[in-house]
Undergrad: 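I am attaching a structure below and will ask some questions about it afterwards.
What you are looking at is a predicted structure, and each value in this text was computed from that prediction instead of being measured. Side-chain atoms are counted along with the backbone in the values below, which use heavy atoms only and exclude waters and symmetry mates.
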Amino acid sequence: MTIAAVKEQLHEYIDHADGKKAMALLAFLKNDFSEKEYVFEEETISMLEERLERYLSGESKGYTLEESMKRINNHRSKNGL
């Protein structure tokens, strides 16, 4: 799987994750990368925060894990991934 495909799947998941999962993912990434002294680009942090705000405000819909997996599998089957 290419890095571009991985990033696409992560973006898709983040777009549809519920608030708790989005916060948990962000906390995991901050914790994991802080140990390695990795810093997200400001653009990436802004994008994650913007998507979380859209979800929390109700502007963006969230999906359950099962719904997200179904969407990912549908996308993968259509695009040969």
Undergrad: Could you tell me the separation between the CZ atom of Arg54 and the NZ atom of Lys61, rounded to the nearest 0.5 Å?
TA: 15.5 Å

Undergrad: Starting at OG1 of Thr44, measure out to CG of Leu10 and round the result to the nearest 0.5 Å.
TA: 11.0 Å

Undergrad: May I ask you to test the Asn73-Lys70 pair for a side-chain heavy-atom distance under 4.5 Å?
TA: no

Undergrad: Partners of Arg71 by side chain to side chain contact (heavy atoms under 4.5 Å, CB included), sequence neighbours excluded?
TA: Glu12, His16, Tyr63

Undergrad: From Leu26 CG over to Leu52 CG, what is the distance, rounded to the nearest 0.5 angstrom?
TA: 8.0 Å

Undergrad: Are side-chain heavy atoms of Lys7 and Thr2 found at a separation under 4.5 Å?
TA: no

Undergrad: If you measure from CG on Leu48 to CD on Glu50, what distance do you get to the nearest 0.5 Å?
TA: 10.0 Å

Undergrad: Nearest 0.5 Å please: distance from the CG atom of Asp15 over to the OG atom of Ser68.
TA: 10.0 Å

Undergrad: In the structure I gave you, are the side-chain heavy atoms of His75 and Gln9 within less than 4.5 Å of one another anywhere?
TA: no

Undergrad: Flag yes if Leu56 and Met23 sit in one hydrophobic cluster, no otherwise; membership is Ile, Leu, Val, Met, Phe, Trp, Tyr, and two members link when side-chain heavy atoms are under 4.5 Å apart.
TA: yes

Undergrad: Taking atom CG of Leu65 and atom CG of Asp18, what is their separation to the nearest 0.5 Å?
TA: 9.5 Å

Undergrad: Please report the closest heavy-atom contact between Ala17 and Ala22, naming both atoms and the distance.
TA: CB-N, 4.2 Å

Undergrad: Checking Tyr55 now: which residues fulfil ring-ring contact (aromatic ring centres under 6.0 Å, His included) with it, not counting sequence neighbours?
TA: none

Undergrad: For Met47, does the CE atom have more than 12 heavy-atom neighbours from other residues, nucleotides or ligands under 6.0 Å away?
TA: yes

